[in-house]
Amino acid sequence: MDAMVNTVKGWMENPVKFARSHGVTVSPDGSDPEREIHILIIEGFLLYNYKPLLDVYNKCYYVTIPYEECKRRRSTRTYTVPDPPGLFDGHVWPMYLKHRLQMENCGLDIQYVDGMRTKDELYNQVYEDIQNSLLNVL
């Protein structure tokens, strides 16, 4: 997690330099990358519980699904070492609830999105929200 925090902060200091140092071409159309808006997406289900990152978020999204769907999806995954019987109900779901409660009390403005919607619908919802936020600050 410390390495991730350092990576995020390195990006925040200079997103163009950071991208180039990681082999990412910035603004191939010839525009000035220093004057453009740069967006970094940080993904992970426990990121809103990690205090060193709480001050870097501008927008927060959390994908939710009901217990039954979560259990069904997990049961369709193939792991190198399969889940032992009872792991989901005895550990996975209780830990999800524990960490979600901590996240809800962290003070961030988190927008919940419905994980039962299609990937395209989720993408469009978040994309439109970010676009609207950017329009409101420009």
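If you're wondering where the values come from, they're calculated on a predicted model, not measured in any experiment.
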Between Asn49 and His99, what is the shortest heavy-atom contact and its length? ND2-O, 3.0 Å
Tell me whether Phe18 is reachable from Val56 by hopping between hydrophobic residues (I, L, V, M, F, W, Y) whose side-chain heavy atoms are closer than 4.5 Å. yes
For Ile39, is the CD1 atom crowded, meaning more than 12 foreign heavy atoms sit under 6.0 Å from it? yes
Can you check whether Leu53 reaches Met4 side chain to side chain, under 4.5 Å on heavy atoms? yes
Is the shortest heavy-atom distance from the side chain of Leu47 to the side chain of Met1 under 4.5 Å? yes
From Tyr123 atom OH to Glu128 atom CD, the distance as rounded to the nearest 0.5 Å: 10.0 Å
Co-membership, hydrophobic cluster, residues Phe88 and Met95, 4.5 Å side-chain: no
With a cut-off of 6.0 Å (strictly less than), are more than 12 heavy atoms of other residues, nucleotides or ligands near CD of Gln131? yes
Which atoms form the tightest heavy-atom contact between Val5 and Tyr50, and what is the distance? CG2-CE2, 3.5 Å
For Lys9, enumerate each residue passing the salt bridge (charged side-chain N to carboxylate O under 4.0 Å, His left out) test, keeping only those at least two apart in sequence or located in another chain. none
Test side-chain contact (heavy atoms from CB on, under 4.5 Å) on Phe45 and Val63; report intermediate values, then the result. CA-CA 9 Å; Phe45 70 97; Val63 180; over 6 Å; no
At their closest point, which heavy atom of Gly115 faces which heavy atom of Arg73, and how far apart are they? O-NH2, 2.9 Å
Same apolar cluster (I L V M F W Y, side chains within < 4.5 Å links), Tyr48/Met12: yes
Cys70 versus Tyr96: any side-chain heavy-atom pair under 4.5 Å? no
Is Ile110 reachable from Leu46 through a run of hydrophobic residues whose side-chain heavy atoms are each under 4.5 Å from the next? no
Do Asp83 and Arg77 come close enough that some side-chain heavy atom pair is under 4.5 Å? no
Would you check, one step at a time, whether the test side-chain contact (heavy atoms from CB on, under 4.5 Å) holds for Leu54 with Cys106? CA-CA 8 Å; Leu54 295 184; Cys106 74; 4.3 Å; yes
Quick test of your reading of the model: are Arg72 and Glu68 salt-bridged, counting only N-O distances below 4.0 Å? no
When you measure from the side chain of Gln125 to the backbone of Leu122, do you find a donor-acceptor pair of N or O atoms at a distance under 3.5 Å? no
Please examine the side chains of Leu101 and Glu104, heavy atoms only from C-beta on, and report whether any two atoms are closer than 4.5 Å. yes
Can Val8 be reached from Ile41 by stepping across I, L, V, M, F, W or Y side chains whose heavy atoms are under 4.5 Å apart? no
Give the C-alpha distance, both sets of side-chain angles, the deciding distance and a yes or no for side-chain contact (heavy atoms from CB on, under 4.5 Å) between Lys59 and Ser133. CA-CA 9 Å; Lys59 300 289 287 181; Ser133 294; 3.1 Å; yes
Student check: side-chain heavy atoms of Arg74 and Tyr79 closer than 4.5 Å: yes
Can you classify the ring geometry of Tyr62 versus Tyr112 as parallel (below 30°), tilted (30 to 60°) or perpendicular (above 60°)? perpendicular
Would you say that more than 12 heavy atoms from the other residues, nucleotides or ligands in this model lie under 6.0 Å from the CG of Asn105, or not? yes
Less than 3.5 Å apart, any donor N or O on the side chain of Tyr61 or Asp129 sitting next to an acceptor on the other? yes
Looking only at side chains, do Tyr67 and Asp89 share a donor and an acceptor under 3.5 Å apart? yes
With a 4.5 Å heavy-atom cut-off, do Leu108 and Tyr57 have their side chains touching? yes
To the nearest 0.5 Å, what is the distance between CG on Asn58 and CD1 on Ile130? 10.0 Å
Taking the side chain as C-beta and beyond, is there a heavy-atom pair between Leu40 and Pro15 under 4.5 Å? no
